[in-house]
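Numbered from 1 within each chain, the chains take letters A, B, ... in sequence-line order. Just the heavy atoms: all of them, side chains too, but no hydrogens, waters or symmetry mates, feed the values below.
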2 protein chains.
Amino acid sequence: MSNSISLVALRLFVRVAATGSFAGAARQQGLPASSVSRHIAALEKALGQRLLYRHTRAVRLTEVGERYYQQVREILDTLDIASEQAAGTASQPQGLLRINAPVAFGRRHIAPRLASFQARYPRIETELTLSDAFIDPVQEGVDVVVRVGALNDSSLVARRLAEQHFVVCAAPDYLAQWGIPATPESLVEHNCLIYKGTRGVQQWYFRSEGARRYQVREVRGNLRSNNAESLLEAALQGQGIVLFPTWLIHAELKAGRLIPVLSDWEASGEPAPQGIHAIFPENRLRSSKVAAFLEDLQATIGEPPYWDA
Amino acid sequence: MSNSISLVALRLFVRVAATGSFAGAARQQGLPASSVSRHIAALEKALGQRLLYRHTRAVRLTEVGERYYQQVREILDTLDIASEQAAGTASQPQGLLRINAPVAFGRRHIAPRLASFQARYPRIETELTLSDAFIDPVQEGVDVVVRVGALNDSSLVARRLAEQHFVVCAAPDYLAQWGIPATPESLVEHNCLIYKGTRGVQQWYFRSEGARRYQVREVRGNLRSNNAESLLEAALQGQGIVLFPTWLIHAELKAGRLIPVLSDWEASGEPAPQGIHAIFPENRLRSSKVAAFLEDLQATIGEPPYWDA
DNA sequence: AGGTGAATTGCATTATGAGCAACTCGATCT
DNA sequence: AGATCGAGTTGCTCATAATGCAATTCACCT
């Protein structure tokens with residue numbers, strides 16, 4: 001019985017259970033869905049037990065399937081770690097490293113680093129996926145997820161990469177034409193380009209040097225967007241004032257295309273300070289490729305991060 | 001890399017590492033040695049690392065192989081347990097149960113039980129190997145080993161099945177012809193059939209009712225053997241007096257073909273009391289088929305064991 | 001009601017593993 | 001010291017199993 005179980009079947013089962021879909025698992029592993037179906041069927045036959053309820057639309061784990069899934073996931077992880085350690089002895093980290101990051105942050109701060117990272121670890125292949133929706137690394141089968149802001153899931157391990165700082169700024173043209181605001185309160189007189197995401201319109205928070213709590217200040221303007229890059233573009237063209245994290249606009253600030261204003265206040269897009277974190281399933285922490293990536297990333301970002309220096 | 005690893009390869013690797021031999025692993029798994037060779041080669045290729053030193057006569061684990069072996073063994077065990085639990089939910093214990101026992105004890109007290117045990121658990125297949133040499137359950141890939149006497153290896157878990165009691169006895173014919181010895185000391189006047197194993201000639205120990213320590217008493221006779229059955233046969237034919245554990249001769253005692261003597265003393269073949277134990281690798285304890293077997297065995301043996309009742 | 005995406009099944013092709021035999025190489029035996 | 005035996009590897013053929021594609025069924029969405 002247990003001799004007729006194959007590793008691929010177990011891997012596929014874990015993927016199916018995590019994604020809740022045969023097709024999803026098939027895509028992730030680059031196999032036709034029919035193979036997935038047959039492997040799972042073979043596994044169930046070997047165990048003599050149904051692991052998944054097929055509901056045609058969605059796939060749900062059986063009670064025994066749920067237990068088995070938890071155990072097999074753990075087993076496969078430790079097997080992979082063991083194999084990696086065995087393979088990696090006296091050699092470099094290797095294998096496929098799947099990274100997921102927010103679009104803007106990934107393009108600016110992850111993607112440019114990958115070349116030198118891979119030059120340093122030539123045996124690591126990387127697969128960079130950028131998406132702004134929250135990604136469950138377990139569900140997607142991803143090694144590392146970089147997220148900005150809130151952390152909720154406690155079954156994951158997070159490592160802080162940097163603090164996020166916001167600045168209010170505008171193009172020199174805009175400031176020349178409309179003047180430089182002297183206080184946060186005076187922003188109501190200006191055209192502010194406001195981010196409007198899934199959580200609604202972003203508030204602008206301020207606190208004076210040394211103050212503990214942030215205060216919301218009213219802002220308004222003629223352009224709102226759920227796409228930060230569009231707002232940035234508009235700001236560069238002198239359309240208005242923007243509030244952005246420094247990692248997003250440090251190049252523009254440095255080049256002088258955007259000028260910080262209200263430097264006597266600390267600005268923020270959130271009521272509380274937010275960090276930039278790498279999160280990953282607990283087991284992946286012991287993976288040398290993940291460790292190498294995090295170490296490399298943290299070293300290049302630096303403390304304080306290079307975009308704030 | 002880790003995707004190209006197969007479960008059979010891992011299983012074979014564990015068996016090879018445990019037995020220290022490709023051929024041995026091949027025999028245990030019922031595969032040609034060539035397959036074993038190729039699977040191990042494939043595993044090493046997948047890891048990019050040599051796991052075993054081939055020394056033509058013996059096979060030794062590499063340093064990385066040693067670590068990998070320990071980890072993979074653990075992993076496969078937990079996988080098997082998980083699979084068994086999944087398979088066994090709402091059903092009976094199943095699978096192959098490999099038992100090893102001493103020849104005499106196995107024939108008398110294990111083999112006769114297997115029929116009813118397997119009737120009770122029809123989905124368990126058993127494989128009973130009888131051998132008197134000490135067997136390492138890990139090395140031999142056995143689920144349960146029954147041993148009489150000394151326990152040494154601490155990496156194994158043991159469960160006491162029964163205490164071992166010895167009796168001195170002889171055939172009625174012998175006693176009629178030569179008389180009944182009144183004291184242990186008078187045994188020197190008798191023809192004692194003595195077991196001579198790998199640890200030399202077996203001593204005969206006695207202590208009177210309530211005494212703490214056993215005392216050796218001199219015995220001699222015209223037949224010594226390393227085969228208990230031969231001595232038993234000779235005793236049944238009236239050749240002499242024997243010292244045997246009760247589990248070995250309870251049928252003959254009950255039938256009156258052997259008559260106990262010196263009943264006022266406790267006899268023993270060992271300087272200290274010895275038990276009958278089931279031993280097994282730690283992980284197997286959680287296996288339901290092992291648990292079922294031990295429970296069944298212990299229930300039928302009883303307390304005190306049926307051969308002493 | 002029709003369309004879509006997901007899972008299963010049938011079938012032809014391909015690839016992978018089993019089994020057998022031949023070969024090499026040490027170690028042990030005589 | 002030479003012969004023999006056992007152990008591991010390699011080449012080869014054959015059977016089994018996995019793959020990929022197409023067809024089918026079914027629930028759900030529009």
Report the distance from atom [atom1] of [X] to atom [atom2] of [N], rounded to the nearest whole Å.
X: A:I5; N: D:dA17; atom1: CD1; atom2: C1'; result: 17 Å
X: B:F13; N: D:dG8; atom1: CZ; atom2: C1'; result: 17 Å
X: A:K45; N: C:dT9; atom1: NZ; atom2: P; result: 13 Å
X: A:L12; N: D:dA18; atom1: CG; atom2: P; result: 12 Å
X: B:I40; N: C:dA18; atom1: CD1; atom2: C1'; result: 16 Å
X: B:L43; N: C:dG17; atom1: CG; atom2: C1'; result: 16 Å

**Request:** For B:D132, check side-chain contact (heavy atoms from CB on, under 4.5 Å) against everything at least two apart and list the hits.
**Result:**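 For B:D132 the side-chain contact (heavy atoms from CB on, under 4.5 Å) partners, ignoring immediate neighbours, are B:P102, B:V103.
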**Residues that A:S230 engages under side-chain contact (heavy atoms from CB on, under 4.5 Å), provided they are two or more places apart** =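 So A:S230 forms a side-chain contact (heavy atoms from CB on, under 4.5 Å) with A:S225, A:N227.
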**For A:E84 against A:K289, the heavy-atom pair lying closest together** =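 Closest approach of A:E84 to A:K289, heavy atoms only: OE2-N, 3.6 Å.
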**Request:** Of all the heavy-atom pairs spanning B:Q202 and B:I194, show the shortest one and how long it is.
**Result:**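 The pair with the smallest heavy-atom distance is O-CG2, 3.6 Å.
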**Prompt:** Does A:S35 make a side-chain N or O approach to OP1 or OP2 of D:dA18 shorter than 4.0 Å?
**Reply:**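 False: A:S35 side-chain N/O out of range (4.0 Å or more) of D:dA18 OP1/OP2.
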**Message:** Side-chain N or O of A:H39 versus OP1/OP2 of D:dA17: is the shortest distance under 4.0 Å?
**Reply:**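 For A:H39, the contact criterion (side-chain N or O under 4.0 Å from OP1 or OP2 of D:dA17) is not met.
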**Message:** Tell me whether the rings of B:F117 and B:F293 are parallel (<30°), tilted (30 to 60°) or perpendicular (>60°).
**Reply:**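 Because their plane-to-plane angle is over 60°, the rings of B:F117 and B:F293 count as perpendicular.
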Considering only distance and modelled atom types, tabulate donor-acceptor pairs under 3.5 Å from the side chains of residues 27-34 of chain B, sequence neighbours left out.
from, atom 1, to, atom 2, distance (Å)
B:Q28, OE1, B:R15, NH1, 2.6
B:Q28, NE2, B:E140, O, 3.3

**Results of ring-ring contact (aromatic ring centres under 6.0 Å, His included) for A:F22 - residues two or more places apart only** =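 ring-ring contact (aromatic ring centres under 6.0 Å, His included) check on A:F22 returns nothing, list empty.
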**Request:** May I ask you to say whether B:R50 pairs ionically with B:E63, meaning some side-chain N is under 4.0 Å from a carboxylate O?
**Result:**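 A salt bridge is absent here (no side-chain N lies under 4.0 Å from a carboxylate O).
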**Request:** Please determine if A:R38 and A:E44 form a salt bridge, counting it only when a charged side-chain N lies under 4.0 Å from a carboxylate O.
**Result:**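 Salt bridge flag = no for A:E44 with A:R38.
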Distances for protein N/O vs nucleotides 21-24 of chain D N/O pairs under 3.5 angstrom?
from, atom 1, to, atom 2, distance (Å)
D:dC21, N4, A:S34, OG, 3.1

**Asked** Counting only non-hydrogen atoms, which of residues 15-31 of chain A are less than 4.0 Å from DNA chain C?
**Response**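 When residues 15-31 of chain A is checked for heavy atoms under 4.0 Å from DNA chain C, the hits, listed by number, are A:S21, A:F22, A:A23.
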